[in-house]
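To keep things clear, I will list the structure first and then write my remarks on it.
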Amino acid sequence: MPRIVSGMRSTGQMHIAHYLSVLKSYKEMQEKNDCYFFFADLHVLTTGAEKTAEIKNNTLQLAVDWLSSGIDPEKATVFIQSQVPGHYQLYLLLSMITPKGWLERNPTVKDMIRDYNLQDSVGHGLLGYPVLQASDILLYKGEMVPIGKDQRPHLEITREIARRFNGIFGETFPEPKEYLREYPLIKGTDGQKMSKSLDNAIYLSDDEKTIGKKVSRMVTDPEKIRRDDPGHPEVCSVYEFHSVIGDPEKEARTTDCKSGDLGCVTCKKGLSAKLNDIIAPIREKREALLEKPANVWEILAEGNKKANITAKEVWGEIEEKVGLKYY
């Protein structure tokens, strides 16, 4: 089976957009691939090294969301990045052969500098973010990486680093290919991309009442003021959300919205019900897992062991190729 490697920054609870765009894909991948899914706690430090107090709990919350959503540690290796020393080791080694120019032109790092307002405080870790990401993938000889189209430049740096290493020290790493996913842009309650930082998210832990309140605030067609006003579904976030989830009544919804037969309140209530149907079983499993967090840490500890076995094997080969194996 092809080996897939993918990770997510340990930044706490996940929202419905994460589930629809990433976790559902992870569930599909683990059925037919050799998957290594990890919690990227080291990557959190690249933009907030002075704020570490919440990393452990954020990792726990993320793990609970993954497990509740169907990520199966029996089918995939699920682990914590920092608990595998090979990530640190390979990151240092790859940084020795990665030209500074590759990192300075990387659009993803430029976006992070802008998004986190770090123009005056770009640390070595942030500039080297792509090298750490390359280490995350190459340490397991990842053959495929799930990405959206906008992430292609970032993956290409990993491929360039792999080629450079292979050219200097001999064939070692496969050049990871893209596992291209069409991740839908899911809007939050304010019409912007759903994001924790914008406080516009519907979380996998939200109860039915909270979901209803949040959906009731969602942006709709500004020209549809009264129920029977003709609507323009193409500009409505609620209509778009129905489509992303999967709307068997899309044709009728479109017609009724445009004719004024479907009001926004009714449409929002329907969306709330759909979202609760998705979130309710996840929420129930979350609550059960959080009652016994020790069990979650035990699951992750087993995943760490499995990841370390692979990492140590690959690192032994790397040491041999580079000339750092002394005994």
Side-chain angles (χ1 to χ4, degrees), residues 8 11-28 61-62 65-66 68-71 146-151 180-286:
M8 294 181 66
T11 55
Q13 292 186 45
M14 305 189 73
H15 49 64
I16 187 64
H18 290 133
Y19 175 79
L20 294 172
S21 63
V22 180
L23 295 184
K24 285 185 69 177
S25 294
Y26 278 9
K27 286 199 293 182
E28 294 171 9
Q61 294 295 331
L62 197 63
D65 281 335
W66 281 25
S68 302
S69 298
I71 308 307
I147 60 170
K149 289 181 180 178
D150 60 329
Q151 296 171 307
L180 193 61
R181 308 293 297 178
E182 290 293 339
Y183 295 123
L185 173 62
I186 299 173
K187 295 178 181 177
T189 55
D190 59 357
Q192 300 183 72
K193 181 180 178 181
M194 189 174 289
S195 169
K196 288 183 279 190
S197 62
L198 295 176
D199 194 28
N200 66 358
I202 296 170
Y203 291 95
L204 299 180
S205 59
D206 284 344
D207 59 30
E208 185 174 6
K209 185 176 180 180
T210 301
I211 294 170
K213 284 183 177 180
K214 289 183 176 181
V215 172
S216 70
R217 300 197 302 265
M218 287 186 70
V219 175
T220 55
D221 177 5
E223 295 184 18
K224 187 173 173 63
I225 300 172
R226 292 178 295 275
R227 180 192 179 282
D228 55 356
D229 286 341
H232 304 83
E234 66 276 5
V235 300
C236 177
S237 296
V238 175
Y239 176 88
E240 187 176 345
F241 219 138
H242 274 290
S243 298
V244 169
I245 294 173
D247 189 2
E249 301 173 348
K250 184 173 183 177
E251 186 174 341
R253 190 181 306 281
T254 304
T255 301
D256 292 346
C257 176
K258 289 182 176 180
S259 68
D261 290 334
L262 176 64
C264 294
V265 172
T266 300
C267 194
K268 286 180 175 180
K269 286 182 178 178
L271 178 60
S272 296
K274 284 183 179 179
L275 290 176
N276 190 61
D277 286 344
I278 295 171
I279 292 174
I282 297 173
R283 184 174 63 232
E284 184 177 338
K285 292 174 184 175
R286 283 189 96 263

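Residue indices begin at 1 and follow the sequence shown.
- When the side chain to side chain contact (heavy atoms under 4.5 Å, CB included) test is applied to Lys187, the partners found at least two apart in sequence or on another chain are Ser237, Glu240.
- Here the CG-CG distance, from Leu271 to Leu275, works out to 4.5 Å after rounding to the nearest 0.5 Å.
- Residue Lys24 qualifies as open at atom NZ: its count of foreign heavy atoms under 6.0 Å is 12 or below.
- To the nearest 0.5 Å, atoms CG (Asp256) and OG1 (Thr266) are separated by 10.5 Å.
- Residues Ile16 and Asp206 fail the side-chain proximity criterion, which asks for heavy atoms closer than 4.5 Å.
- For the pair Met218/Lys214, no side-chain contact is recorded, criterion being any heavy-atom separation below 4.5 Å from C-beta on.
- Side-chain atoms of Lys250 and Tyr239, non-hydrogen and from C-beta on, do get closer than 4.5 Å to each other.
- With contacts defined as side-chain heavy-atom distances shorter than 4.5 Å, the pair Lys193/Leu198 does not qualify.
- Proximity of Ile71 to Lys27: side-chain heavy atoms (C-beta onward) are separated by under 4.5 Å at one or more points.
- In this structure, CG in Asp247 is found 7.5 Å from OG1 in Thr254, a value given to the nearest 0.5 Å.
- Residues Gln13 and Asp65 have side chains in contact (heavy-atom distance under 4.5 Å, counting atoms from C-beta outward).
- Counting heavy atoms of neighbouring residues, nucleotides and ligands inside a 6.0 Å radius, atom CD of Glu234 exceeds 12 of them.
- Interatomic distance, CG of Leu204 versus CE of Met14, reported as 7.0 Å (0.5 Å rounding).
- Side-chain N/O atoms of Arg283 and Asn276 include a donor and acceptor closer than 3.5 Å.
- Between His15 and Lys196, the closest side-chain pair of non-hydrogen atoms falls below 4.5 Å.
- For the atom pair NE2 of His18 and CE of Met194, the computed distance is 9.5 Å after rounding to the nearest 0.5 Å.
- In this structure, Tyr19 and Ile202 have side chains that are not in contact, with every pair of non-hydrogen atoms separated by 4.5 Å or more.
- Residues passing the side chain to side chain donor-acceptor pair (under 3.5 Å) test with Ser216, sequence neighbours excluded: none.
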(message) With side chain to side chain contact (heavy atoms under 4.5 Å, CB included) as the criterion, how do Tyr203 and Gln61 come out once you've worked through the C-alpha distance, each side chain's angles and the decisive distance to 0.1 Å?
(response) CA-CA 12 Å; Tyr203 291 95; Gln61 294 295 331; over 6 Å; no
